[in-house]
Amino acid sequence: MPLVGTKEMFKKAYEGGYAIGAFNINNMEIVQGITEAAAELKSPVILQASAGARKYAKGPYLRHLVEAALEVNDIPVALHLDHGPDFETCKACIDDGFTSVMYDGSKYDFKENIKRTQEVVAYAHEHGVVVEAELGKLAGIEDDVKVAAHEAAYTQPEEVEEFVRETGVDSLAIAIGTSHGAFKFKPEQCTRNADGVLVPPELRFDILAEIEKKIPEFPIVLHGASSVIPKYVKIINDNGGKLDDAVGIPEDQLRKAAKSAVCKINIDSDLRLAMTAVIREHFMAHPEHFDPRQYIADGRSYVKELVEHKIKDVLGSNGRADEILALVKANK
Ligand code: G3H
Ligand code: 13P
Ligand code: ZN
């Protein structure tokens, strides 16, 4: 099964009221955990690599890992560049066989973002590759995404129509209150429930609704959409870790978003937390272990379990592989 783009995925997701999970990949076990979960649930999936992931894995490793996963699993998979920082990186990925790229010009002003996005779209479309762009600024600290909370800004609905028309992009990432990483909100931005657990402010569904009105049927992307699952944070903290006040986006809000024009939901931090949790637990339980296969295999099964949960309970994309494969075939 060759890699697919995201056009058919987003069309079906939009019509069907579900979203496609876009999971970040950095090594073989993560690729395996995600694709095994998606294959068992007959779900489409987007595997995305950041510039940092490509630097870490080196050369063509990630693409070959994804191609290997396609040899053993019969599901629609798109390979996507996450947060492409410049034209050169987007071009390198397009030339390397990625089927989708994000150009992230959100740090530039509106006109400059349009201009730079247009260049990427022109090259990508010439090569049959789809492009995601971003309007608005998400807070967060990652290798290649560093925006201080005070610099974060919601997407302005009155800008989206012009941006989409002028750039020709295929999907649009928006800022409605999500952010990158495991510490999405400061404790003072949250309330606490009866158990003392932090409850973050609701996503700005009103802004999402305004955006949907301005660009009907256009696929919207949510970055920074990990839930920072408390179960994993607790395992990490109970096994020598220190992640105080880690907080994410509650899954019921993501489920609600998945039923709207949001067709792609990005998840990375939850994968990192799941893998770290089980490996910390493993070392505490088995101090005599030193074969990496013993603990990394545990990491892979937690990644798989997490992705199964996201597909069934958050994205709603289970059982949707065949309708996308049929549409891809029909569009050929
Ligand atoms: O949004 C950013 C992703 O979580 C990727 O993070 O740049 O550390 O690979 P990274
Ligand atoms: P999280 O940090 O919430 O997992 O967001 C990941 C992301 O947006 C990747 O682009
Ligand atoms: Zn992101």
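Start at 1 with the first residue, then count along the sequence. Just so it is clear, the structure is predicted and the values come from calculations on it, not from any experiment. Start at 1 and go down the list; that is how both ligands and their atoms are numbered.
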Determine whether any heavy atom of Arg272 lies closer than 4.0 Å to an atom of ligand 1. yes
Give a yes-or-no answer on whether the side chains of Tyr18 and Arg320 include a donor-acceptor pair shorter than 3.5 Å. no
Any luck finding a side-chain donor-acceptor pair between Ser226 and Lys184 under 3.5 Å? no
Name of the residue among Gln32, Glu36, Glu29 meeting side-chain hydrogen bond (donor to acceptor under 3.5 Å, both in side chains) with Arg300: Gln32
Parallel, tilted or perpendicular: which describes the rings of His282 and His289, with under 30° parallel and over 60° perpendicular? tilted
Test Asp170 against His125 for side-chain hydrogen bond (donor to acceptor under 3.5 Å, both in side chains), laying out the working first. CA-CA 10 Å; Asp170 303 280; His125 285 183; 2.8 Å; yes
Show me which atoms of ligand 1 lie under 4.0 Å from any heavy atom of His180. 1 (O), 2 (C)
Are any of the N/O atoms in Ser50 less than 3.5 Å from those in ligand 1? yes
Between His223 and ligand 1, which residue portion shows a heavy-atom distance shorter than 4.0 Å: side chain, backbone, both, or neither? neither
Would you mind listing which atoms of ligand 2 come within a distance below 4.0 Å of any non-hydrogen atom of Ile267? 4 (O)
What class does the angle between the rings of Phe283 and Tyr295 fall in, given that below 30° is parallel, 30 to 60° is tilted and above 60° is perpendicular? tilted
When the ring planes of Phe163 and Phe110 are compared, do they come out parallel, tilted or perpendicular, using 30° and 60° as the limits? tilted
Vertex the Zn ion (ligand 3): angle to NE2 of His83 and NE2 of His180, to 10°? 100°
By number and element, which atoms of ligand 2 are closer than 4.0 Å to a non-hydrogen atom of Lys184? 1 (P), 2 (O), 3 (O)
Where do Glu40 and Glu308 land on the side chain to side chain contact (heavy atoms under 4.5 Å, CB included) test, with the steps shown first? CA-CA 8 Å; Glu40 273 180 32; Glu308 279 173 358; 3.4 Å; yes
Could you tell me which atoms of ligand 1, counted from 1 in the order shown, lie closer than 4.0 angstrom to a heavy atom of Asp82? 1 (O), 2 (C), 3 (C)
To check you understand the geometry: which heavy-atom pair defines the closest contact between Leu271 and Ile267, and what is its length? CD1-O, 3.7 Å
Heavy-atom pair with the smallest gap, counting every atom of Arg280 and Gly240: NH1-C, 3.5 Å
Quick one: which ligand 1 atoms are inside 4.0 Å of a heavy atom on Asn24? 3 (C), 5 (C)
Would you say Asn266 has any N or O atom under 3.5 Å from an N or O of ligand 2, going by distance alone? yes
Out of the N/O/S atoms in His223, what is the name of the one closest to the Zn ion (ligand 3)? ND1
Hey, looking at atom 6 (C) of ligand 2, which of Asp268, Val221, Leu222 has the closest heavy atom? Asp268
Which ligand 2 atoms are under 4.0 Å away from a heavy-atom of Asn24? 9 (C)
Ligand 1 atoms nearer than 4.0 angstrom to some heavy atom of His83 are 1 (O), 2 (C)
Within 4.0 Å of some non-hydrogen atom of Asp268, the atoms of ligand 1 are 3 (C), 4 (O), 5 (C), 6 (O)
Taking only heavy atoms of His223 into account, list the atoms of ligand 2 that are under 4.0 Å away from them. 8 (O), 10 (O)
Parallel, tilted or perpendicular, as decided by the 30° and 60° cut-offs, for the rings of Tyr232 and Tyr302: tilted
For Ala225, atoms of ligand 2 separated by under 4.0 Å from a heavy atom: 3 (O), 5 (O)
Ion pair check, Arg192 and Asp245, cut-off under 4.0 Å: yes
Any idea which atoms of ligand 2 are less than 4.0 Å away from a heavy-atom of His83? 10 (O)
Heavy-atom contact check, 4.0 Å cutoff: does Gln48 meet ligand 2? yes
